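Chain A is the first sequence line, chain B the second, and so forth, proteins listed ahead of strands; every chain is numbered from 1. The structure displayed is predicted, hence computed values, not measured ones.
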Protein chains: 2
Amino acid sequence: MSIGIKDVAKAAGVSAATVSRVLGSGSVSPDLRDKVEAAVRATGYRPNLSARRLRSQHSRTIGLIVSDIANPFFTELSRAVEMAAHQADLRVMLCNTDENPEREALYLEMMQEERITGLILAPTSVGAARIATMDFDFPVILIDRAGPLGAHDEVTIDNAESARLLVEHLVARGHRHIAGIFGNTSSTAAARHEGYVAAMAAHGLPPHAQFVAPTAEAAGAAFMRMVERSLRLDAVLASNGLILLGVVKASKAMGLEMPRDLSVVGFDNETWTDLVGAGITVIEQPVAEIGRTAMALLFERLACPHLPPRRVVLSGRLVERGMPRPA
Amino acid sequence: MSIGIKDVAKAAGVSAATVSRVLGSGSVSPDLRDKVEAAVRATGYRPNLSARRLRSQHSRTIGLIVSDIANPFFTELSRAVEMAAHQADLRVMLCNTDENPEREALYLEMMQEERITGLILAPTSVGAARIATMDFDFPVILIDRAGPLGAHDEVTIDNAESARLLVEHLVARGHRHIAGIFGNTSSTAAARHEGYVAAMAAHGLPPHAQFVAPTAEAAGAAFMRMVERSLRLDAVLASNGLILLGVVKASKAMGLEMPRDLSVVGFDNETWTDLVGAGITVIEQPVAEIGRTAMALLFERLACPHLPPRRVVLSGRLVERGMPRPA
DNA sequence: CAAAAATGTGAGATCGTTTTCAGAAATGTC
DNA sequence: GACATTTCTGAAAACGATCTCACATTTTTG
């Protein structure tokens with residue numbers, strides 16, 4: 001079959017154990033080490049990871065389960081995680097649930113079967129609660145979405161405060177009739193809704209909130225219905241990039257012009273948000289930092305398994321664009 | 001440690017071999033099967049994939065190496081591949097090189113060490129040539145980027161023809177001074193350039209082509225330089241989504257208005273292309289079909305290793321948007 | 001210089017499965 | 001009823017690495 005460690009050993013005139021020590025970090029005399037390295041190159045030997053993992057009982061692999069790989073937030077996040085993992089000489093297994101709890105469950109099983117070292121997980125809404133009750137043979141770090149407090153380590157951003165910033169931005173620019181459209185599946189959206197309602201109340205403004213499936217289509221349709229109902233709308237807050245997209249597309253379809261008839265603000269600083277009209281004000285999430293923090297928490301947890309669970313909250317950054325409401 | 005097949009066997013009062021047969025597809029009498037299944041549930045047993053792969057000598061895993069996970073083309077592609085793989089009960093290992101040949105090499109090594117069943121690969125420009133000369137223990141299917149003919153199976157789109165369609169579109173709408181900006185790293189961009197030049201020649205128009213690093217910044221800067229040099233430019237063809245983005249941002253920065261001063265066309269039907277101005281005409285790639293085709297080629301290759309290598313060319317679809325050139 | 005300690009090496013056990021093989025039991029055939 | 005088949009089952013080998021342990025050699029120490 002393919003060449004194994006014994007073939008290398010034979011070629012180098014040493015035992016398999018010595019080859020293993022050269023490959024790993026055992027102490028080997030320089031001349032034998034040279035011979036082995038030469039033999040490895042000569043034979044083109046590639047260690048069999050399955051065998052290695054089986055025997056050594058650790059996978060040097062962490063899992064990363066995201067809920068939507070098409071969302072730039074998660075692709076950037078996976079980049080950051082991958083980078084940090086690579087520095088620690090760990091592999092990353094990236095899986096995408098597409099917000100489907102069944103796929104999430106499937107991947108969670110797979111992670112157990114792979115005997116991963118740790119898991120970074122953006123749970124689906126349904127999953128978050130269930131996962132808090134399960135116990136795993138490895139540490140789990142939740143990101144983006146929060147679970148019940150105290151079950152696992154978590155990294156999130158201050159969603160309520162970020163929503164407040166967006167409302168303040170709109171109010172400062174003269175908007176009063178501010179609607180909010182929120183995803184109906186994540187704790188993240190719920191927190192953003194909370195911040196929106198509170199900020200509106202602080203200005204004595206009535207909230208117009210709507211929860212929708214987190215797709216551009218659903219958001220667009222919801223927005224159209226809102227406009228038909230209440231003509232006085234002059235701004236919309238969208239709880240994520242997809243909803244933002246839906247609202248922008250719908251308003252374009254209805255012939256609304258961006259600074260004149262409507263302002264839109266939202267979350268996630270996607271590439272297109274500065275191309276539309278005079279630009280769209282958004283909250284940019286510190287994606288890379290979220291990834292790095294999650295990895296840091298994971299390492300600490302691996303070092304000290306019995307620390308109490310921690311929740312790290314990072315801040316979103318307001319990226320101001322667009323123009324004030326015309327008089 | 002964690003529970004193994006022997007623990008399950010003991011709990012069920014059978015041998016480990018029988019448990020293995022129940023889990024796999026061996027023939028086991030119904031009553032023993034029931035007992036084993038009960039024992040599996042009772043113990044919460046999860047098979048150890050490393051051990052399984054080591055013994056059974058196949059990983060039931062395919063590799064997918066893409067060159068830029070942030071590109072929606074590749075995220076959608078990975079979705080399609082994942083879906084097809086899942087139906088065949090295969091896992092997908094997704095890796096992202098970020099166009100970095102070193103990371104590509106690293107991942108290729110890893111794939112060998114994982115003893116994957118097959119690989120679907122969008123090579124970096126540097127990588128494509130080198131990979132043609134290497135030989136692997138598993139079939140390799142190239143996608144998006146072509147290698148030297150005959151080395152591996154391939155799935156691409158008809159890039160030259162697609163570029164021609166874009167030129168025809170512009171010419172039909174009254175444009176004559178059409179520049180082209182192309183990535184300088186992929187065979188894909190080269191083919192698109194070829195199609196552009198041929199189509200321009202067919203109309204007796206002089207080409208204005210420029211090759212740039214495939215980033216929005218480089219493309220924007222190149223476009224600005226072009227405008228400064230030749231004021232008569234009335235349209236631009238961009239060879240991929242990122243370059244398109246760079247051109248649109250730069251033209252916006254220079255105060256050019258989209259139907260009035262300039263038309264832009266390009267590849268990849270990204271979400272934002274219908275939001276900008278009157279919309280941007282693009283070639284939409286049949287991403288899902290590319291993914292499915294790659295998987296199909298892989299399965300056929302696994303079935304018949306000695307078939308001559310095949311190249312499948314799919315067609316892009318012209319999505320017409322925007323408005324004709326003002327008189 | 002002898003004893004003690006440190007170092008390098010290889011034989012063989014081991015990780016948790018699947019697979020082979022042989023035997024037992026059940027079934028079929030004449 | 002005896003023999004040939006088929007069907008199940010368990011003991012033990014095998015997968016390819018690492019790790020333990022014992023032994024040989026070298027180095028340190030008093």
Side-chain angles (χ1 to χ4, degrees), chain A residues 1-37 39-40 43-61 89 91 109-117 137, chain B residues 1-37 39-40 43-61 89 91 109-117 137:
Chain A
M1 220 47 184
S2 81
I3 43 180
I5 203 170
K6 293 196 158 196
D7 304 297
V8 178
K10 198 171 296 175
V14 299
S15 73
T18 298
V19 177
S20 174
R21 278 187 276 256
V22 170
L23 267 48
S25 42
S27 67
V28 182
S29 67
D31 55 336
L32 280 198
R33 181 177 291 272
D34 288 350
K35 267 194 223 166
V36 168
E37 281 168 351
V40 166
T43 54
Y45 167 72
R46 293 271 140 241
N48 182 319
L49 284 186
S50 294
R52 179 176 279 186
R53 291 202 263 252
L54 172 60
R55 174 61 239 222
S56 67
Q57 297 288 70
H58 52 51
S59 57
R60 303 209 65 76
T61 298
D89 200 24
R91 283 220 341 92
E109 275 196 11
M110 197 184 73
M111 294 294 174
Q112 319 217 109
E113 298 182 352
E114 293 275 7
R115 304 293 193 266
I116 58 167
T117 303
D137 300 335
Chain B
M1 220 48 184
S2 82
I3 42 181
I5 204 172
K6 294 196 157 192
D7 304 298
V8 178
K10 197 171 295 174
V14 300
S15 74
T18 299
V19 177
S20 174
R21 278 187 276 257
V22 170
L23 266 47
S25 42
S27 68
V28 181
S29 66
D31 56 337
L32 280 199
R33 182 177 289 272
D34 288 351
K35 267 194 223 166
V36 169
E37 282 169 352
V40 166
T43 55
Y45 168 70
R46 294 270 140 240
N48 181 319
L49 284 186
S50 295
R52 178 175 281 184
R53 291 202 264 251
L54 172 59
R55 174 61 239 222
S56 67
Q57 297 288 70
H58 51 50
S59 57
R60 303 209 65 75
T61 299
D89 200 23
R91 280 215 346 90
E109 275 196 11
M110 196 183 73
M111 296 293 176
Q112 320 216 108
E113 299 181 353
E114 293 275 5
R115 304 294 193 263
I116 58 168
T117 303
D137 300 335

Expressed as a whole number of angstroms, how long is the span from [X]:[atom1] to [N]:[atom2]?
{"X": "B:Leu32", "N": "D:dT7", "atom1": "CG", "atom2": "P", "value": "17 Å"}
{"X": "A:Gln57", "N": "D:dT20", "atom1": "CD", "atom2": "P", "value": "12 Å"}
{"X": "A:Arg115", "N": "D:dA17", "atom1": "CZ", "atom2": "P", "value": "21 Å"}
{"X": "B:Leu54", "N": "D:dA14", "atom1": "CG", "atom2": "C1'", "value": "9 Å"}
{"X": "B:Asp7", "N": "C:dC15", "atom1": "CG", "atom2": "P", "value": "12 Å"}
{"X": "A:Arg33", "N": "C:dG8", "atom1": "CZ", "atom2": "C1'", "value": "12 Å"}
{"X": "B:Lys6", "N": "C:dT14", "atom1": "NZ", "atom2": "C1'", "value": "11 Å"}
{"X": "B:Lys35", "N": "D:dT9", "atom1": "NZ", "atom2": "C1'", "value": "12 Å"}

Under-4.0 Å salt bridge between B:Arg91 and A:Glu114:
yes
Side-chain contact test, heavy atoms from C-beta onward, threshold under 4.5 Å: evaluate it for [X] versus [Y] and give yes or no.
{"X": "B:Arg53", "Y": "B:Arg115", "answer": "no"}
{"X": "B:Leu23", "Y": "B:Val40", "answer": "yes"}
{"X": "B:Val14", "Y": "B:Val19", "answer": "yes"}
{"X": "A:Val28", "Y": "A:Val36", "answer": "no"}
{"X": "B:Leu32", "Y": "B:Arg21", "answer": "no"}

State, to the nearest 10°, the angle formed by the axis through the first five base pairs of the helix from C:dC1-D:dG30 to C:dC30-D:dG1 and the axis through its last five.
30°
I need a per-nucleotide contact map over nucleotides 18-26 of chain C, read 5' to 3'. Cutoff is protein heavy atoms under 4.0 Å; write B for the base, S for backbone only, - otherwise.
BBB------
So, the side chain of A:Asp34 versus the backbone of A:Asp31: is there a donor-acceptor pair under 3.5 Å, distance only?
no
When we call it a touch if two heavy atoms are under 4.0 Å apart, what does B:Leu49 touch: a base, just sugar-phosphate, or nothing?
nothing
For the residue pair A:Ser15 and A:Ala9, what are the closest heavy atoms and their distance?
C-CB, 3.6 Å
Heavy-atom nearest pair, A:Ala11 first then A:Thr43, reads CB-CG2, 4.3 Å
OP1 or OP2 of D:dC8 under 4.0 Å from side-chain N/O of B:Ser27
yes
Would you please confirm or rule out a distance under 4.0 Å between OP1 or OP2 of D:dG10 and any side-chain N or O of B:Thr18?
yes
